[in-house]
Amino acid sequence: MKELAKTYNPKEIEQPIYDRWEEKKYFHAEVDESKKPFTIIMPPPNITGQLHMGHALNNTLQDIVIRQKRMQGYNALWQPGCDHASIATEVKIIETLKKEGIHKEDLGREGFLKRAWEWKEEYGGRIVNQLKKLGSSADWDRERFTMDEGVSNAVLEVFVKMYEKGWIYKGTKIINWCPKCQTSVSDAEVEHRDTAGKFWHINYPIKGEDDFIEIATTRPETMLGDTAVIVHPEDPRYQKYIGKTCILPLVGREMPIIADPYIDLEVGTGAMKVTPAHDPNDFELGKRYGLEEICVFTDDGYINENGGKYQGLSTMECRDRIVEDLEKEGLLVKVIDHEHSVGYHDRCSTIIEPMIKEQWFVKMDELIKPANKAVDEGEVRLIPARMSKLYHNWTDNIRDWCISRQLWWGHRIPAYYCEDCGEMVVSKTAPTECPKCHGTSFHQDEDCLDTWFSSALWPFSTLGWPEQTEDLKYFYPTNLLITGYDIIFFWVIRMIFSGYEQMGDRPFDAVLFTGLVRDDQGRKMSKSLGNGIDPLEVIDQYGADALRFTLATGNSPGNDMRFYMERVESNRNFANKIWNASRFILMNMPEEGIHDFDRALLTDADKWILSKVNRLSKEVTENLDKYEIGVAADKLYEFIWEEFCDWYIEMVKPRLYDETDEGKDSKKAALYTLQKVLITSLKLLHPYMPFVTEEIYTTIREYVEEENPEESIMISKWPEYDPELEFAESEEEIELIKEAVRAIRNGRTEMNVPLGKKSHVFVVSQSEKIRKIFEKGEVFFSVLAKASEVHVQADHEGIKDDAMSVSLAEVTCYVPLEDLIDKDKERERLLAEQKRLEGELKRVDGMLSNPNFVNKAPEAKINAEKEKKEKYSRMMEQVTAQLAKLG
RNA sequence: GGUGGCAUGGCUCAGUCGGUAGAGCACAUCGUUCACAUCGAUGGGGUCGUUGGUUCGAGUCCAACUGUCACCACCA
């Protein structure tokens, strides 16, 4: 006889099971036209990454969906891979080099890249192994990397295509510059934070007059690059200055005073200095009025040669010096505290400096149109639906995407410049001859592409695009993407427009958004706070199944969740519960197992639980089809623990221990039902708790009734609703018995009857049908309700007046407690029940006597209320009668 | 400044089509020979943020307000 270990120990079972799955290639998907594909594209974790709770959450959800689909018979592909994470990795490698005293320039581009690849080989696989610990059934044979040859080829293809179409262009514009990373970054990478600052009010002298115009600035150091002052055309205060010239203090530059309605009369002094080279708005104004653009900063954040005597100072030092100097000259009017929004680089928290530079851009206005339409028309469904508002928030205000980065680790821009004439050629491979001067030597553009440029192509580049592969034809468009709402701008939108542009079709049917995993105090888990919980430690302590179940429940899509260890623990207990229930079933299983069972032998209790698990299969399937992962999990938990373990297994025990001949069939039916319900539950639960369900399944499979059960639960058939297993009548009957049992237990506890004390139970009903139900259910009724003997009867023969009584609609149970009865207490209890029923009746009567309700409510609802009225009235009668008997 | 989420028992959260509010944890009482104390039985605890509206009927739909957390934004 096969056995399960006495205690559930996730640590012992998980690794061997995972190894076996991998060995058997269960995760692998191949094109198979006889099956329908179901594809999930994994958000590629950064190679620099360590598994954190966010990964654990979205990979758990992906695995749940893909496992279920696989069991349902889909050709399920979960396409994994890693992202080169251009800037994140480059920063990390620079740090490592720094410890060795090496600067990136010392190595040169080639040397640096060699180091980067070495680093990737060493650490790149780490997160994949961590994902495996979680139980992820991704097709690792298909693992891709964003800098693989294939994916890189897709990147070049897109770049060249889009360039030729005119949608990628090189231009000189004001961009976000990180002085620390020394690269441009996109709008999406700038994090705006409210920062305490000051307003410096400065007098700019009017040329040739003994007068000043007062401007206010939050950044005095930028005045070195000022080239104009602007006022509102209708501002009465400044009418006299319009068209005149003022002198830039400390510098002496003459600047026009221009009128433009852009100015807000309320802000600052109503007069604004214009610094076209260092402010996006000023840049626009500068273009409009043809102002000179004077860049005063170096790339690493110091004042350059245009800053005159301030050259070489850092921006902050410069600010202090300028304020000091202005004060000396009597031009500083006042300083006011002022909170304003400052842009920081999301990677390194350095203040972003707007700079004018030549960069590569993606033109967005046309590209975004099909992507917008797709979401509006539901061709790409966002879950929850409100995310489409967030989506449009971005797409409606989109600006061209700056895609060039002054980095080395990434896809180098395929633009080549002729050494002789400077002509630029954009091409997948280095040109051999200049189309203009026929020169033959070229140098490639130094810049790399934004890391998200390659991520945007992920849904098709991983499937072989631009080659028209079988994989691509079969698996694209993919079915689902599961990711955090925090990267909707970085990634989701860009995948959608890239899908339409390159493939002419959506990249996926739906996007399921997860929220953030926070700590138990609701704080974001972060390295700096040190409040992060390592998923691997949780797995080590409680098992991957417990962690997965915790992450799959207790929240709804798109909402943040708090992570509590207590929840993991209770879910570990849930796994333990299933383990022990299975152990119990296995202990009672005959050596030869259960085969060729005749369903005619089933009792009502068996039919009840079979009917319930059958409907559970239906509901769980429906919920999962709608990606209602948490709802389905709650139903499974409730069913397995309450209905199956606490009720059915307890009900069935007397039958299992019955060794008499007449009990044989009943025992067999019980065993059949136990294994059937267990197997069905295990299968339904498998996507959530793959390890424990597999361990139990493989142990028990040879005893099950099913013919040729699969060798692993993960490739077994998903339970389907079976109309033949719908037993409405049995369900009603058992639910009635449960209700009676609960009422008796409740009464006994309230009367302080010790649990060990058994007692006679009289079940009285006028209805023959109901008496039959209780007669049939006598065996387990006696166990559950602690009855020494059960008497089912139509009259009150043998029942003393002072017996404890509990009334349901058509049945009353009497428990004679003899010396244990406390008459006053029983009276009190009955009076309380009477009061409760009074309330119920009042409510029902209120509804039924309201003509509006009776006329307008649906008939089914009215009937339900009428039935309730009937039921409560009967209960009331019986409680009242019993009170009279008590005296 | 704009937009959005959230507000439900002590805590954390569910709540699908509008039809008398659910779970887990915590708490209280009782219980351990026979799957499980990582357990079982029973119980207490909620005017569903406020105010209006729609409706026979609102936690659920609408509006406003309050609190809170996000996101977006070029106001010097």
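Here is the naming used below: chain letters follow the sequence lines, and residue numbers restart at 1 for every chain.
- One interatomic measurement links the two molecules: CG of Asn555(A) to P of G24(B), which rounds to 18 Å at whole-angstrom precision.
- The distance from atom CD1 of Ile487(A) to atom P of C72(B) is 14 Å, rounded to the nearest whole Å.
- For the atom pair Asp400(A) CG and Met364(A) CE, the distance stands at 7.5 Å (nearest 0.5 Å).
- In this structure, of C72(B), C74(B), A70(B), it is A70(B) that holds the atom nearest to the side chain of Tyr485(A).
- Regarding contacts with the backbone of C39(B), a side-chain N or O of Asn573(A) is found under 4.0 angstrom from either OP1 or OP2.
- Residue Tyr262(A) places its side chain closer to A76(B) than to any other of A35(B), A76(B), A41(B).
- Dashed line: the shortest gap from a side-chain N or O of Arg567(A) to OP1 or OP2 of G24(B) is not under 4.0 Å.
- Between Phe644(A) and Tyr648(A), the ring planes lie parallel to each other; the angle is under 30°, not in the 30° to 60° tilted range.
- Across all strands shown, Lys861(A) has heavy atoms under 4.0 Å from base atoms, whether or not it also approaches the sugar-phosphate.
- With a cut-off of 3.5 Å on both pairing distances, the Watson-Crick or G-U wobble partner of A23(B) is U12(B).
- Between Asn559(A) and the phosphate of C69(B), there is no side-chain N or O to OP1/OP2 separation shorter than 4.0 Å.
- An OP1 or OP2 oxygen of A14(B) is reached within less than 4.0 angstrom by a side-chain nitrogen or oxygen of Ser556(A).
- Annotation: G4(B) and A64(B) have their P atoms spaced 10 Å apart (nearest Å).
- As judged by a 4.0 angstrom heavy-atom cut-off over every strand, Tyr391(A) is placed among residues making no nucleic acid contact.
- For the pair Trp200(A) CH2 and A76(B) P, the computed distance is 13 Å after rounding to whole Å.
- Comparing the same atom, C1', in A37(B) and in C30(B) gives a spacing of 14 Å after rounding to whole Å.
- The base of U12(B) is not paired with the side chain of Glu566(A) by any donor and acceptor separated by under 3.5 Å.
- Remark: the separation of the P atoms in A21(B) and G46(B) is 13 Å, to the nearest Å.
- One atom, CG of Asp560(A), and another, P of A70(B), lie 9 Å apart when rounded to the nearest Å.
- Between the CG atom of Asp845(A) and the P atom of U20(B) there is a distance of 17 Å, given to the nearest Å.
- Across the strands present, C6(B) finds its partner in G67(B); the criterion is a Watson-Crick or G-U wobble pair with both atom distances under 3.5 angstrom.
- Nucleic acid contact for Arg583(A): sugar-phosphate only, since backbone atoms but no base atoms lie under 4.0 Å from a heavy atom of the residue.
- Rounded to whole Å, the distance from CZ on Arg836(A) to P on G43(B) is 11 Å.
- Gly270(A) comes within 4.0 angstrom of a base, heavy atoms only.
- Taking atom C1' on both nucleotides, C48(B) is separated from G9(B) by 10 Å, rounded to a whole Å.
- C71(B) atom P lies 14 Å from atom CZ of Arg386(A), rounded to whole Å.
- Regarding contacts with the backbone of G40(B), a side-chain N or O of Lys577(A) is found under 4.0 angstrom from either OP1 or OP2.
- The residue Lys653(A) sits close to a base: some heavy atom pair falls under 4.0 Å.
- Counting non-hydrogen atoms under 4.0 angstrom, Arg742(A) reaches the backbone sugars and phosphates but no base.
- Here the nucleotide nearest the side chain of Ser570(A), chosen from C25(B), C56(B), C72(B), is C25(B).
- Among the atoms of the strands shown, base atoms are found under 4.0 Å from some heavy atom of Asp264(A).
- Among the atoms of the strands shown, none is found under 4.0 Å from any heavy atom of Asn571(A).
- Taking side-chain N and O atoms only, Asn746(A) has a distance below 4.0 Å to OP1 or OP2 of G43(B).
- Separation of the P atoms belonging to G40(B) and C25(B) is 9 Å when rounded to the nearest angstrom.
- Counting only heavy atoms from C-beta on, Met272(A) has its side chain closest to A76(B) among U20(B), A76(B), C74(B).
- Comparing U50(B) with G45(B), their C1' atoms sit 23 Å apart, to the nearest whole Å.
- A close approach under 4.0 Å does occur between a side-chain nitrogen or oxygen of Trp641(A) and OP1 or OP2 of G40(B).
- U51(B) sits 13 Å from G59(B) when the P atoms are compared, rounded to a whole Å.
- Between Trp394(A) and Phe489(A), the angle of the ring planes stays under 30°, which puts this pair in the parallel group of the 30/60° scheme.
- Among the heavy atoms of the strands lying under 4.0 Å from Lys868(A) is at least one base atom, whether or not backbone atoms are also near.
- Separating the CG atom of Asn850(A) from the C1' atom of G19(B) is a distance of 14 Å, rounded to the nearest angstrom.
- Heavy atoms of Ile263(A) sit under 4.0 angstrom from at least one base atom.
- Residue Pro354(A) is classed as having no contact, given no heavy-atom separation below 4.0 Å to the nucleic acid.
- Here Glu865(A) lies out of heavy-atom contact (under 4.0 Å) with every strand.
- Note: Phe574(A) and Trp641(A) have parallel aromatic rings, judged against thresholds of 30 and 60 degrees for the angle between ring planes.
- Here, A23(B) and G44(B) have their P atoms 12 Å apart, quoted to the whole Å.
- One finds a side-chain N or O of Arg562(A) lying less than 4.0 angstrom from the OP1 or OP2 phosphate oxygen of C13(B).
- Side-chain N/O atoms of Glu628(A) and base N/O atoms of A14(B) include no donor-acceptor pair closer than 3.5 Å.
- Glu650(A) comes within 4.0 angstrom of a base, heavy atoms only.
- For Arg572(A) and U38(B), a side-chain-to-base donor-acceptor distance below 3.5 Å is present, hydrogens and geometry of angles not being considered.
- Relative to the side chain of Lys635(A), the nucleotides C56(B), U16(B), A76(B) differ in distance, and U16(B) lies closest.
- Among the nucleotides G19(B), C56(B), A35(B), the one closest to the side chain of Asn852(A) is C56(B).
- Within the 4.0 Å cut-off from OP1 or OP2 of A35(B), at least one side-chain nitrogen or oxygen of Tyr657(A) is found.
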